[in-house]
Protein chains: 2
Amino acid sequence: MLSMKAKYALKALGYLARKPDTRFGIERIAEAENIPYKFLEAILTELRKSNVIDSKRGAAGGVKLARAPKDISIGDVIRLMDGPIALLPCASITRYRACDDCPDEAACRLRQVMIDARLAIADVLDERTLADLASRSPLPSERRLTDDDLG
Amino acid sequence: MLSMKAKYALKALGYLARKPDTRFGIERIAEAENIPYKFLEAILTELRKSNVIDSKRGAAGGVKLARAPKDISIGDVIRLMDGPIALLPCASITRYRACDDCPDEAACRLRQVMIDARLAIADVLDERTLADLASRSPLPSERRLTDDDLG
DNA sequence: CATAATTCCTACTTATCCTATAGGAATAAA
DNA sequence: TTTATTCCTATAGGATAAGTAGGAATTATG
């Protein structure tokens, strides 16, 4: 499961992605997305330090995305907030770490399964971006065959 | 990430899966797989209560799988130990729960992404079983084209 | 310049979960 | 009866999650 932190981050970023060039106050985002204000503030601080958002202080200040929505993947946001996507450290691509209890990693069947799992899920999460959270058009998985598809 | 509990469970069950009809003592499994003995004991108690393993007390006692390795999926073991596989409660099939902060689930773009992610990962984890952890033959993802395939 | 609006920073809290560990009771085989 | 084993209850230390509080710093605006 994602932490609330990661979930709130994605919701807030999805909100920003709908108007990527507008600066919004944290309070407004918090209210719109039902996120505790102070918690969201802390989350956005992290996202700023990771250069995902760009913020401005003072009156008429606020936050906005640092890049185009399509250039910020869901997977990256999750990694920033919750760490690796893989289910075992030894199956992580971005943050590999050996299991200290494993005598022979190359022969570990569990690892191979977990690598397959991590590839499957990262395929989805790295393909989808904040643009998908903002758009009104259906995601790939939501598409149905139409007459156009059938030619 | 999986908890140590889930990882140890899978390793122990993988060990049992290599000789499904033999009863092994917990101590032996703990040593073979580098799992803290008392911790493993607690884990196996849970697995017994969930009818994954079958245990016998006393001298010459021990544990063995309650079913054939191929009938125990990796996904199910993870669900028993760590809970739902989905990244959000609202994207879980086996343990759906609405997000209390979500005003309109049907319109939630994030949910749709998370449903796709959960389908992708469950596809792998529910397809693979303890038999895959025991076998010496390559998993699907490990297969390479051979002359037979090209034949 | 004063004021109001806003983010930024530091610290704190509270509860829950994770990862075990300890000791002995119950059971079963030899 | 002894020995090997699982079963049960209890405990514990540390980390993490999910916030909360208060004020400092910054900026636009009248």
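Note: hydrogens, waters and symmetry copies are ignored here, and every other heavy atom, side chains too, is used. Proteins get letters first, then strands, A, B, ... in listed order; numbering begins at 1 in each. Owing to the predicted nature of the structure, the values given are computational and were not obtained by experimental measurement.
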Candidates D:dC8, C:dC9, C:dA29 - which lies nearest the side chain of B:Thr45 | D:dC8
Taking CE from A:Met4 and P from C:dA15, how many angstroms apart are they, rounded to a whole number?
-> 18 Å
With heavy atoms under 4.0 Å as the rule, sort B:Ile26 into base, sugar-phosphate or nothing.
-> sugar-phosphate
DNA chain C: A:Lys49 or A:Gly58, which has the more 5' nearest nucleotide?
-> A:Gly58
Whole angstrom value for the distance that separates P of C:dT6 from CZ of A:Arg28 = 11 Å
Separation of A:Phe39 atom CZ from C:dT13 atom P, in whole Å?
-> 18 Å
Is a donor on one side and an acceptor on the other found under 3.5 Å between the side chain of B:Asp82 and the backbone of B:Leu2?
-> no
Treating Ile, Leu, Val, Met, Phe, Trp and Tyr as nodes and any side-chain heavy-atom pair under 4.5 angstrom as an edge, say whether A:Met1 and B:Leu119 lie in one connected cluster.
-> no
Nearest-angstrom distance from the residue atom CD of B:Glu41 to C1' of C:dA26 = 13 Å
Grab the CZ-C1' distance between A:Arg48 and D:dA25 for me, whole Å please.
-> 12 Å
Starting at atom CD1 of B:Ile43, determine the distance to atom P of C:dA20, rounded to an integer number of angstrom.
-> 9 Å
When you match A:Ala60 and A:Leu2 each to their closest nucleotide on DNA chain D, which lands nearer the 5' end?
-> A:Leu2
Kindly compute the distance separating CD1 (B:Ile115) from CG (B:Leu87), expressed to the nearest 0.5 Å.
-> 11.5 Å
Between C:dT19, C:dA29, D:dT26, which nucleotide gets closest to the side-chain atoms of A:Arg57?
-> D:dT26
Given C:dA29, D:dA18, D:dT27, the nucleotide with the shortest approach to the side chain of A:Ser3 | D:dA18
Residue closer to the 5' end of DNA chain D, A:Gly61 versus A:Pro36 (nearest nucleotide) = A:Pro36
Side-chain donor/acceptor of B:Ser50 to backbone N/O of B:Val52, under 3.5 Å | no
Round to a whole Å and report the spacing from CD of B:Glu46 to C1' of C:dA20.
-> 14 Å
Options D:dT6, D:dA18, C:dA28, nucleotide nearest the side-chain atoms of B:Lys56 | C:dA28
Just checking B:Glu27: base, sugar-phosphate only, or nothing, at a heavy-atom cut-off of under 4.0 Å?
-> nothing
Side-chain N or O of B:Ser55 less than 4.0 angstrom from OP1 or OP2 on D:dC7?
-> yes
Is any side-chain N of the basic residue among A:Glu41 and A:Lys38 closer than 4.0 Å to the acidic one's carboxylate O?
-> yes
A:Lys5 side-chain N/O to D:dT16 phosphate OP1/OP2 under 4.0 Å | no
Counting side-chain heavy atoms from C-beta on, which of D:dA28, C:dC9, C:dA29 comes nearest to A:Ala59?
-> D:dA28
Donor-acceptor pair, side chain of A:Arg95 and main chain of A:Arg79, under 3.5 angstrom = yes
Roughly how many Å is it from CG in A:Leu40 to C1' in C:dT6, rounded to a whole number?
-> 14 Å
Verify the contact: side-chain N or O of B:Tyr37 to OP1 or OP2 of C:dA20, cut-off strictly under 4.0 Å; return yes or no.
-> no
